[in-house]
Amino acid sequence: MLLKNFYSVLNSSEENGKQITQIKINKDHEIYEGHFPGRPVTPGVILMNLFKEEAERRCGCKLQFKKGNNVKFMAVVDPNTDAVLNLETEITEENQEIKLKGIAKNSEGISLKINSLYKKVES
């Protein structure tokens, strides 16, 4: 986990070939002291990293981000407004690489869409 105690996994399941993981963001995490005091916004790079960590959990290996083919930030994730995110992912493996297609949603709608590629690394 990139940031200790940043989130906890509430639920994880698989439906129609998609993995769905529900997480709860710690609204009191120290990252929000600087991003931004009084109006917390989850940094985009942290949202992207949630998908990398999800792929690592699913494949049981360490990964390194290689490429983001299509990354769209659709809405701000404010943990005071809605701290629960649903990560919907489709993960495939080919030639020691992991392809991920994902959507992060909260109760207000889609926050992030991502298509990314990771390479397996030895730990």
Would you say Thr42's side chain and Val77's backbone share a donor-acceptor pair under 3.5 angstrom?
-> yes
Taking atom CG of Leu87 and atom CD1 of Ile114, what is their separation to the nearest 0.5 Å?
-> 10.5 Å
Partner set under ring-ring contact (aromatic ring centres under 6.0 Å, His included) for Phe51, not counting sequence neighbours = none
Taking side chain to side chain contact (heavy atoms under 4.5 Å, CB included) as the test, write out the residues that go with Glu30, two or more places apart.
-> Glu33
Hey, are the side chains of Pro40 and Asn80 touching, using non-hydrogen atoms and a 4.5 Å cut-off?
-> yes
For Asn70 and Lys72, the nearest pair of non-hydrogen atoms, with its separation, is OD1-CE, 3.5 Å
Going by an N to O cut-off under 4.0 Å, is there a salt bridge joining Lys62 and Glu122?
-> no
Interatomic distance, CD1@Ile110 vs CE@Met74, rounded to 0.5 Å, equals 6.0 Å
Ignoring hydrogens and geometry, is there a side-chain-to-backbone donor-acceptor pair from Glu93 to Ile98 under 3.5 Å?
-> no
Could you tell me whether Lys99 atom NZ has more than 12 heavy atoms of other residues or ligands within 6.0 Å of it?
-> no
For atom NZ of Lys105, is the number of surrounding heavy atoms from other residues, nucleotides or ligands below 6.0 Å larger than 12?
-> no
Do the side chain of Asn106 and the main chain of Gly109 share a donor and acceptor less than 3.5 angstrom apart?
-> yes
Can you get from Met48 to Leu100 by hopping between Ile, Leu, Val, Met, Phe, Trp and Tyr side chains that sit under 4.5 Å apart?
-> yes
Between Val9 and Phe6, is there a shared hydrophobic cluster once you connect ILVMFWY residues whose side-chain heavy atoms come closer than 4.5 Å?
-> yes
In terms of hydrophobic clusters joined by side-chain contacts under 4.5 Å, are Leu3 and Phe65 together?
-> yes
For the pair Lys18 and Glu14, find out whether any cationic side-chain nitrogen is under 4.0 Å from an anionic carboxylate oxygen.
-> no
Does the side-chain contact (heavy atoms from CB on, under 4.5 Å) test come out yes or no for Thr81 and Glu108, once each step is laid out?
-> CA-CA 9 Å; Thr81 304; Glu108 296 184 13; 2.9 Å; yes
When rounded to the nearest 0.5 angstrom, what is the spacing between OG in Ser116 and NZ in Lys101?
-> 12.0 Å
Here the pair of heavy atoms bringing Pro43 nearest to His35 is CG-ND1, 3.6 Å
Are any of the side-chain nitrogens in Asp78 or Lys27 under 4.0 Å away from the carboxylate oxygens of its partner?
-> no
Hey, mind stepping through Leu112 and Ile103 against side-chain contact (heavy atoms from CB on, under 4.5 Å) and telling me if it holds?
-> CA-CA 6 Å; Leu112 171 65; Ile103 297 173; over 6 Å; no
With the 4.5 Å side-chain cut-off for hydrophobic clustering, are Ile91 and Tyr118 part of the same group?
-> yes
Side chain proximity check, Leu85 to Ser111, heavy atoms < 4.5 angstrom | yes
Euclidean distance, Cys61 SG relative to Lys119 NZ, rounded to 0.5 Å | 13.0 Å
From Ile25 atom CD1 to Asn5 atom CG, the distance as rounded to the nearest 0.5 Å | 13.5 Å
Over all heavy atoms of both residues, which pair between Tyr7 and Arg57 is shortest? Give the atoms and the distance, please.
-> OH-NH1, 3.1 Å
Looking only at heavy atoms, what is the nearest atom pair of Ser12 and Arg58, with distance?
-> OG-NH2, 2.8 Å
salt_bridge(Glu97, Lys66) N-O dist < 4.0 Å = yes
Pair Leu10-Ile23, side-chain contact (heavy atoms from CB on, under 4.5 Å): steps then yes or no = CA-CA 5 Å; Leu10 299 177; Ile23 65 168; 5.9 Å; no
Measure the CG-NZ distance between Leu63 and Lys120 for me, rounded to the nearest 0.5 Å.
-> 8.0 Å
Are Tyr32 and Val84 co-members of a hydrophobic cluster defined by side-chain heavy atoms under 4.5 Å apart?
-> no
Taken in chain and number order and not counting sequence neighbours, the residues that satisfy side chain to side chain contact (heavy atoms under 4.5 Å, CB included) with Asn16 are none
Stepwise, does the side chain to side chain donor-acceptor pair (under 3.5 Å) test hold for Thr21 with Glu54?
-> CA-CA 8 Å; Thr21 302; Glu54 178 63 11; 2.6 Å; yes
